[in-house]
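Step one of this worksheet: look at the structure below.
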Amino acid sequence: MKISVQNKSILDVDADIIIVNLFEGVKTPGGVTGIIDGAYNSVISNFVIKKEKFTGSFGEIYVLPIVEEGKKIFIAGLGKQADFNYKKIRDLTAKIVRTCKTSPSAKKIVSILHGAGVAGLCPGYCAQMIAEGTISGIYTFDKYKSDKKENTIKEFIIAEIDKDKFQKAKKGVEKGIIVAEAVNRARNLINESSQYLYPETLAEYAVQNSGVKTTVYNKEQIKEMGMNAFLAVGQGSVHEPKFIHMKYKPKNAKKKIAIVGKGITFDAGGLDIKPPSSMLTMRDDMSGAAAVISTIRAISELNPDVEVHAIVAACENMPSGSAYKPGDVIIAKTGRSIEIDNTDAEGRVTLADALAYAEELGVDEIIDIATLTGACMVALGTVASGIMTNNNDKMFEFIKISEKTGERFWPLPMYEEYGDSLKSDIADTKNTGGRMGGASTAGIFLSKFIQKTPWLHLDIAGTAFLEKADSEGIKNATGVGVRSLIEYICN
Ligand code: BES
Ligand code: MN
Ligand code: ZN
């Protein structure tokens, strides 16, 4: 499928489907929708709005069939103008594409540049959202389905007659394609069966697909680097752990960032084994890893002047005769000792070493992204990810930038009292402190393994994998975090 922008009137683009839009409550369409209305006997104002009572509520789509030989018009509701935003452009486009992608009479679609008219949004970012929505709309994970439904859309065109908006839209589409493909790559990795996706194959994937210089460390090398905490978590699995370091190094970098993704390719809970219902989707416990691998690939294509290190400590958390045990004491890379209180709180134990490794690189900031706690999911549901930090200014900057992408990160507190329950009789810290305030306790635990570098912790336990389709029509792996990380790094 090709996505392009043409510097033409929408009327002059040859297509099977023309997509126009209407804000809620508009009786006389203006802009490009008005032009289409005029070109087809006022069918939108006199029939669709007046007779059919199309209100323009968000996501409402009216199909006008065969306005001329083989041509349909889709009138898409944008909702209330005051509530309109970039994410809605992406959601709407994804919805339209999802309904058209198996229709043989929808090979060529032309769309208005939603948002760039009366709404007054940035034309480049609006176009980016349309490109993202288009690529997200055709996403399915059908690798293991015998009956695959081919996408029949060949071309999606944005028509924009204004020269300046056209130029901006072209750039936006280029970026949108890169971002959306990164998101889909993350989704594919997360949706993949853990039968095939384990540390070795994840590392191999990173080498082939990260787009940057990638070093993979094996068990012996991990041991030499002193990452005993990470090793302990992986020791119960038949699959060897792998430590993956991907580097994007531009010539004149203005800053250095490390992004660290939790990479538990399957979380059975270890000896503190999970009940079946909780274990079922635990192939998603490498969603953070998928996000950082996909992000750095996009970064390698977008070329910002920021040095980026993407880091993944990949292993499986399994119960077995060789598994780490409750009550074990482990000396982490920083020299801090950890008493294992619960083997199912494994992510933070692997991250303890990965964060310490990241800090040794001398970066200006560290962002970790992890499906870390069920407690975060209880607190925020599937609606927002949690964010914690040792640097509030950076956190609010991240939140502000991520809002534009439509991803939500909500601050959870890092009061030092949340660390009280981590006190151990025999070690410097325990790895868990019970259920109450669990997301914050995990955040405090992680903070102990960073000395001074500004750090953001993104808990995506609730948002990484969905049972019900979201507003973009995405079920199962969402690829959450990729869009915000890219936007933050490129900002
Ligand atoms: N991977 C889980 C967290 C998780 C839960 C992710 C639900 C996605 C959906 C993590 O390793 C875990 O098991 N956390 C425990 C910690 C507890 C033992 C303190 C939890 O949240 O129950
Ligand atoms: Mn766990
Ligand atoms: Zn886990």
Side-chain angles (χ1 to χ4, degrees), residues 190-191 194 197-199 202 229-230 232-234 236-237 241 260-291 312-319 323-328 338-352 354 368-386 388 412 418-422 424 429-446 457-468 476-481:
I190 299 161
N191 284 326
S194 71
L197 194 100
Y198 44 87
L202 181 66
F230 166 39
V233 173
S237 169
V260 181
K262 171 173 170 181
I264 304 296
T265 58
F266 188 74
D267 180 11
L271 289 171
D272 290 312
I273 196 163
K274 285 182 184 295
S277 61
S278 310
M279 204 192 295
L280 188 61
T281 56
M282 280 300 132
R283 70 175 187 284
D284 82 340
D285 217 16
M286 35 57 73
S287 296
V312 174
C315 70
E316 234 185 20
N317 187 25
M318 299 294 280
Y324 79 142
K325 302 179 276 301
D328 281 359
I338 304 169
E339 178 194 352
I340 300 304
D341 180 66
N342 189 316
T343 62
D344 196 13
E346 82 300 334
R348 64 193 76 180
V349 179
T350 63
L351 287 170
D368 81 66
I369 174 162
T371 44
L372 206 65
T373 65
C376 188
M377 184 157 71
V378 170
L380 304 174
T382 58
V383 176
S385 306
M388 282 150 267
L412 294 174
Y418 286 111
D420 290 350
S421 58
L422 292 174
S424 164
T429 181
K430 290 198 293 188
N431 74 329
T432 61
R435 288 174 50 232
M436 307 286 267
S440 291
T441 312
I444 294 284
F445 176 89
L446 294 179
H457 160 53
L458 313 177
D459 192 333
I460 56 166
T463 50
F465 200 91
L466 305 174
E467 271 173 44
K468 275 207 325 247
N476 295 356
T478 60
V480 70

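Just so you know, ligand 1 is whichever comes first in the structure, and atom 1 is the first atom listed for that ligand.
- The shortest N or O to N or O distance between D284 and ligand 1 is not under 3.5 Å.
- Looking at D285, D267, T350, D272 one by one, the single match for side-chain hydrogen bond (donor to acceptor under 3.5 Å, both in side chains) with N317 turns out to be D267.
- Considering both main-chain and side-chain atoms, G374 comes within under 3.5 Å of ligand 1 through a nitrogen or oxygen pair.
- Inside a 4.0 Å radius of atom 22 (O) of ligand 1 there is not any protein heavy atom.
- Regarding atom 7 (C) of ligand 1, its nearest protein heavy-atom neighbour is M377 CE, 3.6 Å.
- Distances from ligand 1 to the non-hydrogen atoms of K274 include at least one value under 4.0 Å.
- When hydrogens are left out, the protein atom nearest atom 16 (C) of ligand 1 is R348 NH2, 3.9 Å; that is the closest non-hydrogen contact.
- In this structure, atom 2 (C) of ligand 1 lies nearest to the protein heavy atom D267 OD2, 3.6 Å.
- A salt bridge is absent between K262 and D368; no separation between the charged side-chain nitrogens and carboxylate oxygens falls under 4.0 Å.
- Closest approach between the Zn ion (ligand 3) and any N/O/S atom of D285 involves OD2.
- Residue M286 does not touch ligand 1, judged by heavy-atom distances below 4.0 Å.
- Closest to atom 12 (C) of ligand 1 among all protein heavy atoms lies D344 O, 3.1 Å.
- Against a heavy-atom cut-off of under 4.0 Å, E346 is close to the following atoms of ligand 1: 11 (O).
- Of the protein's non-hydrogen atoms, M282 CE, 3.6 Å is the one closest to atom 9 (C) of ligand 1.
- For ligand 1 and A461, the ligand atoms under 4.0 Å from any heavy atom of the residue are 6 (C), 8 (C), 9 (C).
- With respect to the Mn ion (ligand 2), D267 has OD2 as its nearest N, O or S atom.
- Every atom of ligand 1 is numbered from 1 in the order shown, and the set under 4.0 Å from a heavy atom of N342 is 18 (C).
- Of the residues listed (I340, T343, V233), the one engaging N431 in a side-chain contact (heavy atoms from CB on, under 4.5 Å) is I340, and it is the only one.
- The atom name of the N/O/S atom in E346 closest to the Mn ion (ligand 2) is OE1.
- One N or O on the side chain of T373 and one on the backbone of C376 form a donor-acceptor pair closer than 3.5 Å.
- Protein heavy atom at the shortest distance from atom 10 (C) of ligand 1 is L372 O, 3.3 Å.
- Set against the non-hydrogen atoms of K262, the atoms of ligand 1 under 4.0 Å away are 1 (N), 10 (C), 11 (O).
- At the shortest separation from atom 19 (C) of ligand 1 among protein heavy atoms lies T432 CG2, 3.5 Å.
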